[in-house]
Amino acid sequence: MSHRPYVIDEMISAKAIAARIEGLAREISTEFADTDKLVVVGLLRGSFVFIADLVRELDLPVEVDFLEASSYGNGMESTREVRILKDLRGQIEGRDVLVVEDIVDTGHTLAHVTKYLASRKPARLKTIALLDKPARREVDFKASWTGFEIPDEFVVGYGIDFAQRNRNLPYIGKVRFTDSPA
Ligand code: PRP
């Protein structure tokens with residue numbers, strides 16, 4: 001698919017993302033105000049921009065860890081099989097954990113990851129996704145916090161790739177193929 005010509009139209013500006021993250025960070029700081037044990041877990045690779053901005057807005061002592069969970073394949077569609085490619089470095093038993101994700105699409109990734117992490121008996125396990133595409137859901141999953149609900153568009157930027165490109169765009173854009181009518 002990546003050989004098709006395309007342009008990227010801005011969908012959510014960098015300014016709108018920053019404003020939303022400020023609000024989310026306030027809610028999260030309130031939720032975890034009673035703990036000094038928060039571990040913020042970014043799911044590689046898509047969350048790396050979001051987690052960097054989010055943790056800098058949190059008014060809490062946090063530890064940052066990463067986990068890589070990937071569906072098979074490298075195309076536009078998520079497949080159903082989720083693999084843990086890289087595990088956490090630290091222990092989470094008895095600790096408060098916030099899993100940070102860029103987008104919930106079918107829901108398989110976060111459903112699998114939360115089940116996987118829950119088996120380690122964290123004290124609290126919450127999730128945050130910058131984007132949510134409810135129209136694509138295949139398993140019942142809702143993040144504890146969501147930045148933006150979006151329609152079923154093919155999005156890139158702010159950590160999200162199209163065939164490993166465009167993760168460095170500072171905004172969320174929508175891919176528009178120019179070899180077919182919009
Ligand atoms: C993408 C995205 C989410 C997941 C969402 O990850 O970053 O992790 O798919 O899809 P789902 O709700 O249908 O499971 P991908 O496997 O493309 O890896 P990446 O984060 O390295 O881009």
Side-chain angles (χ1 to χ4, degrees), residues 1-4 6 8-12 14 16-18 20-21 24 28 39-55 64-89 92 97-120 122 125-177:
M1 294 299 270
S2 59
H3 60 277
R4 289 178 65 192
Y6 66 95
I8 296 169
D9 300 323
E10 185 174 283
M11 191 179 182
I12 307 172
I17 295 169
R20 183 68 184 119
I21 289 176
L24 290 165
I28 291 165
V39 186
V40 183
V41 173
L43 295 197
L44 295 171
R45 286 170 270 183
S47 75
F48 78 104
V49 178
F50 181 36
I51 192 175
D53 282 347
L54 181 68
V55 292
V64 176
D65 207 337
F66 291 95
L67 184 137
E68 185 168 10
S70 182
S71 47
Y72 284 104
N74 196 26
M76 286 167 63
E77 298 292 325
S78 302
T79 52
R80 286 172 180 74
E81 203 162 358
V82 178
R83 290 184 299 166
I84 302 297
L85 300 180
K86 180 207 165 296
D87 211 331
L88 300 176
R89 290 282 294 273
I92 56 165
V97 176
L98 175 67
V99 180
V100 179
E101 177 64 299
D102 53 342
I103 184 165
V104 183
D105 190 350
T106 65
H108 286 287
T109 302
L110 267 185
H112 180 87
V113 165
T114 49
K115 203 168 152 194
Y116 180 72
L117 295 179
S119 70
R120 295 185 186 170
L125 180 60
K126 299 279 186 180
T127 51
I128 180 167
L130 181 67
L131 304 177
D132 188 355
K133 268 190 202 174
R136 294 261 309 162
R137 203 69 92 249
E138 290 177 9
V139 290
D140 186 23
F141 185 87
K142 180 82 187 148
S144 317
W145 291 277
T146 297
F148 301 90
E149 271 198 13
I150 58 168
D152 186 13
E153 303 280 7
F154 184 30
V155 291
V156 291
Y158 201 75
I160 300 171
D161 72 304
F162 173 29
Q164 300 308 327
R165 300 175 80 172
N166 305 123
R167 291 191 197 270
N168 57 321
L169 290 175
Y171 55 86
I172 298 289
K174 175 179 146 184
V175 171
R176 179 161 51 87
F177 293 102

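The model shown is predicted, which means the values in this text are computed figures rather than measured ones. Every number for a ligand or one of its atoms is a count from 1 in the order of the listing.
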(request) Tell me, with the steps shown, if Phe141 and Thr114 meet side chain to side chain contact (heavy atoms under 4.5 Å, CB included). (result) CA-CA 10 Å; Phe141 185 87; Thr114 49; 3.8 Å; yes
Please classify the [X] to ligand 1 contact at 4.0 Å (heavy-atom distances, strictly less than): side chain, backbone, both or neither.
X: Asp161; result: side chain
X: Glu101; result: side chain
X: Asp102; result: side chain
X: Arg83; result: neither

(request) Please determine if Arg45 has a nitrogen or oxygen closer than 3.5 Å to a nitrogen or oxygen of ligand 1. (result) yes
(message) Checking the N or O distance criterion of under 3.5 Å, is ligand 1 in contact with Val104?
(response) no
Is the closest side-chain heavy-atom distance between [X] and [Y] below 4.5 Å?
X: Tyr158; Y: Leu131; result: no
X: Val40; Y: Asp65; result: no
X: Ile28; Y: Leu54; result: yes

(message) Tell me if the centroids of the rings in Tyr6 and Phe162 come within less than 6.0 Å of each other.
(response)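 So the answer is yes for these two rings.
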(request) Would you mind running through ligand 1 and noting each atom that sits below 4.0 Å from a heavy atom of Ile103? (result)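 Under 4.0 Å from Ile103, ligand 1 has these atoms: 2 (C), 3 (C), 5 (C).
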(request) Please indicate whether Lys86 has more than 12 foreign heavy atoms, meaning atoms of other residues, nucleotides or ligands, lying under 6.0 Å from its NZ. (result)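 It does: Lys86 NZ has more than 12 such atoms within range.
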(request) Compare Gly107, Ala69, Gly46, Ser47 and give the one whose heavy atom is closest to atom 12 (O) of ligand 1. (result) Gly107
(message) Here's a test for you: under side chain to side chain contact (heavy atoms under 4.5 Å, CB included), which of Ile150, Leu130, Ile172 qualifies with Ile103?
(response)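 Testing Ile103 for a side chain to side chain contact (heavy atoms under 4.5 Å, CB included) against Ile150, Leu130, Ile172 leaves exactly one candidate, Ile150.
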(request) May I ask whether Leu43 places a heavy atom under 4.0 Å from ligand 1? (result) no
(message) Against ligand 1, does Arg167 come closer than 4.0 Å with any heavy atom?
(response) yes
